[in-house]
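Sequence positions, counted from 1, serve as the residue numbers for this chain.
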Amino acid sequence: MGSRYKSIILSLCSSLFAAAFVGATGGMNGFESSAPQNQPKSESLLQPRADSTGHRRMLTLLKRIADQTPDDNPYLGDKKFRMLRKQLDSLPATSPNSIKWRLHMQAGKAALRIGNEADAINHYSRALELTQSGSNQIPQHAVIESHFHLGLAYMRLAETQNCCLRHTPESCILPIQGDGIHILQDPSRQAILQFTEVLNRTTEKSPRVFTYGTRWLLNIAYMTIGGYPDNVPKEYLIPTHAFESEVDIPRFKNIAPKLGLDVFDLSGGAIADDFDNDGYLDIVVSTWDVEGQIRFFRNNRDGTFADRTRQSGLTGLYGGLNLVQADYDNDGHVDILVLRGAWLGRNGRHPNSLLRNNGDGSFTDCTFEAGLGNVHYPTQTAAWGDYDNDGDLDLYIGNESSRALSAPCQLFENNGNGTFTDVAANARVQNHRLTKSVVWGDYNNDRLPDLYVSNLEKGNRLYRNNGDGTFTDEGSRLDVRAPLRSFPSWFWDYDNDSVLDIYVSAYSSGIEHVAADALGLPTDSGIARLYRGEGDGGFKDVASQCNLETPNAPMGANFGDLNNDGYLDFYLGTGWPNYMELMPNVFYLNQGGKRFVDVTYAGGFGHIQKGHAVAFADFDNDGDQDIFEQMGGAYPGDGFGNVLYENPGFGNNWIAIRLMGVKSNRSAIGARIHLIVHENGATRSIYKHVNSGGTFGCNPLRQTIGIGKSERIESLAVFWPTTGLTQTFREVECNRFIQIIEGEKEFTELKLRTLKLGAPR
């Protein structure tokens, strides 16, 4: 059964389950009553309201892309499988066994990618039979390869029959136990037989993917039948301590299934934010499946969510590997940018979508009216920031240049009337590389947002804002270009010294590296970089001393303060498109700004399905951040359900701050928050700058900030870079939600109910 059909079945089941809880949703509940009397300047300008023409034009383009996908999309299309089947059917019986073997192996791989496990197993089995024919035409490596890929096909079948169609909250979370153990165990047992054959035939000279990689998969297969560690052959056992954490923390539970949020889909984006201004956080998710619907889940304010996709006007808006949000037109409503075409090269010239929030529960695609649809390039990353400090948000889109396509990055200057102009060439920020993440941050503290660009195949860039509409690449001079194969990145202040730091992931590790690390062996893999800001405009790589050398391959990632101690932690959604890359997603807990510890297994975060967009958000208004993650792989046969890890609480205090710009941009993106608290007999500072967090998945623009055991905030200061204004508030009570409007002397407390997720009252 292909992913598309599984998605229909599981989505229907999720919708029926959610319908038992949710009812009609109401309006605004008075949350906007504290809006400023003087509206931001752009609200006074005439803005082009997107009519149905542009929206219909987008729907037509997306439908055309979907129609072309079977032949043009190397990930989602089935053209290759059709061609291989045709070749096999027309192959003369007298053809060399080496050709037959090669075609069956290729057909098996193509069938597995489109979700046809039965055909994949059949072709791999035929290929294995050919290796046993005694023919000297078969290459020596064919036996091991045949066993390995046949085992992989059985393992994917096991996932489909159990983790997907019999999904539980514990499914696929390492170490697999409890309800995560498979009910239908025959496919896993068949996988164990094949993987054992591979390991019995390997030598020290065999590729590491067949030695360490197969060993890793064998141990996971035994977990799925409840046979780990006792039944794993001792010579192939990965020790139990490899699945333990250095520090113990409360275990988080995946509650997405009982909320109807476990949408079964392929890789995609996720935003947690308040789209209807009622103070409660909603969720928007996307998938890069070109026939996959963008979906809007409204927070019902009773512990449940309602799928409001149809009512929000999003029906027919398909695809989108990533999403980013901001109030681009300063009208007080959070808008959405959808990013499409990533990884597809010249076949990825798909249009992005700018979805304007109409303020009535609906969205309108105004891409073309806004000037963002004049040219289409493949992309999955973008960031909002006011680079010219004029009070409205500009947009940088990181496009993917390749040998087949020149795709310059774009810097869209906001014209203040709802339209944009691409000024990237004059600004000298076109990059012309395979861009995987972009993020704004004022690293040199001159009030001008600078730009970090992470590239997959060449050096990264740090574009310093010159303040005259141009930028200078300081990546080489400041030595922040590595790693050369990078993916997610972000600016943050992980050590609370008031200077922005940069985290850059390394996208170069596979399961063979993860297995070697679990065995205490050298990995020979690239590692992430943590560039600590030195306060003089320079950086120092401290990844090693901060315990960040473990191999992983992050795609989606984000940061937040999991335990409310005032120090930022982060979560990595990992994996590669290949089916064998069943590596755990990883959680790092900040230890007082000095180092990080891996608490993946203690916290229950070690999901082995492909992890993409990550959002830290306080969905139940209890003051601590939960974690939503969009799951699923790149191929139709590799879908999975999204997860929501509920924070069990750590007993620390917090403050949640909604900033509203007046002269600055309404979203307050780029503003800086400085708290001074007294804890354990000492005074300390906590810093946070306002954005949506990492570069694949979006946190709310409302900032939830932990303050540890402090019972009161001695000082809360907000700095607005656009105007240079600093607002300071003294003796602020903790554990509440407040709204601060730029320029006003007093803040407003927001009365929000604490919710019990999954249980309306």
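Separation of the Y571 and F616 ring centroids does not fall under the 6.0 Å cut-off. The aromatic ring centres of Y494 and F570 sit 6.0 Å or more apart.
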Passes side chain to side chain donor-acceptor pair (under 3.5 Å), S667 versus N665? Steps please.
-> CA-CA 6 Å; S667 295; N665 70 85; 4.6 Å; no
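With hydrogens and angles left out, the side-chain atoms of H678 and S710 include no donor and acceptor closer than 3.5 Å. Between the side chains of N322 and Q380, no donor-acceptor pair is found at a separation under 3.5 Å. T695 and T381 form no side-chain donor-acceptor contact under 3.5 Å, judged by distance and modelled atom types alone. A side-chain N or O of T364 and one of N358 form a donor-acceptor pair less than 3.5 Å apart. Side-chain polar atoms of T421 and N415 form a donor-acceptor pair below 3.5 angstrom. Between D365 and S353, the side chains place a donor N or O and an acceptor N or O closer than 3.5 Å (distance only, hydrogens not considered). Counting only N and O atoms by type, the side chains of N466 and R464 include a donor and acceptor under 3.5 Å apart. A donor-acceptor contact under 3.5 angstrom links the side chains of W720 and Q727, judged on distance only. A donor atom on one side chain and an acceptor atom on the other are found under 3.5 Å apart for E742 and S664.
Under the 30°/60° scheme for interplanar angles, the aromatic rings of F363 and F275 are found to stand perpendicular. Between F650 and F252, the ring planes are tilted. Angles from 30° to 60° get that label. Using bins of under 30°, 30° to 60° and over 60° for the plane-to-plane angle, the ring pair F471/Y463 lands in the perpendicular bin. Classified by interplanar angle (parallel below 30°, tilted 30° to 60°, perpendicular above 60°), the ring pair W492/F559 is tilted.
Between T704 and A656 the shortest heavy-atom distance is OG1-CB, 4.0 Å. Residues L323 and C698 come closest through the heavy atom pair O-SG, 3.2 Å. Across all non-hydrogen atoms, the minimal contact from D386 to N389 is OD1-N, 3.0 Å. The minimum heavy-atom distance between Y588 and L572, with the atom names listed, is CE1-CD1, 4.1 Å. In plain terms, the two heavy atoms of F719 and R447 that are nearest each other are CZ-CG, 3.7 Å. Of all heavy-atom pairs between I705 and I673, the closest is CD1-CG2, 4.0 Å.
Counting only heavy atoms from C-beta outward, the side chains of H674 and S685 approach each other to under 4.5 Å. Between W440 and Y452 there is no side-chain heavy-atom pair separated by less than 4.5 Å. Under the 4.5 Å side-chain criterion, counting only non-hydrogen atoms from C-beta, E413 is in contact with Y387. Taking 4.5 Å as the limit, every side-chain heavy atom of L500 sits out of range of all side-chain heavy atoms of N445. Side-chain contact check for N735 versus W654: some heavy-atom pair is nearer than 4.5 Å. Looking at heavy atoms from C-beta onward, I271 lies out of side-chain contact with I283 at the 4.5 angstrom threshold. Contact of the F696 side chain with the N558 side chain is not registered, since no non-hydrogen atoms from C-beta on lie closer than 4.5 Å. Proximity of N277 to H333: side-chain heavy atoms (C-beta onward) are separated by under 4.5 Å at one or more points.
Residue D624 forms a side chain to side chain contact (heavy atoms under 4.5 Å, CB included) with just one option from D561, N564, L562, N652, and that option is N564.
Distance check: I657 CD1 to F747 CZ gives 9.5 Å after rounding to the nearest 0.5 Å. Here the straight-line distance linking atom CZ of R308 with atom CG of D276 works out to 9.5 Å at 0.5 Å rounding.
Here E714 does not pair with R730 in a salt bridge; the nearest charged N to carboxylate O distance is not below 4.0 Å. Between D307 and R295 there is a salt bridge, with a side-chain nitrogen of the basic residue lying less than 4.0 Å from a carboxylate oxygen of the acidic one. With respect to R301 and D278, a salt bridge is recorded, a charged nitrogen being found less than 4.0 Å from a carboxylate O. Under 4.0 Å is where a charged nitrogen must lie from a carboxylate oxygen, and between K540 and E534 no such pair does. Ionic pairing of D450 and R461 is not present here: no N-O contact between side-chain nitrogen and carboxylate oxygen is shorter than 4.0 angstrom. Between E711 and K709 no salt bridge is recorded (no basic side-chain N to carboxylate O distance below 4.0 Å). Under 4.0 Å is where a charged nitrogen must lie from a carboxylate oxygen, and between E679 and R684 at least one such pair does.
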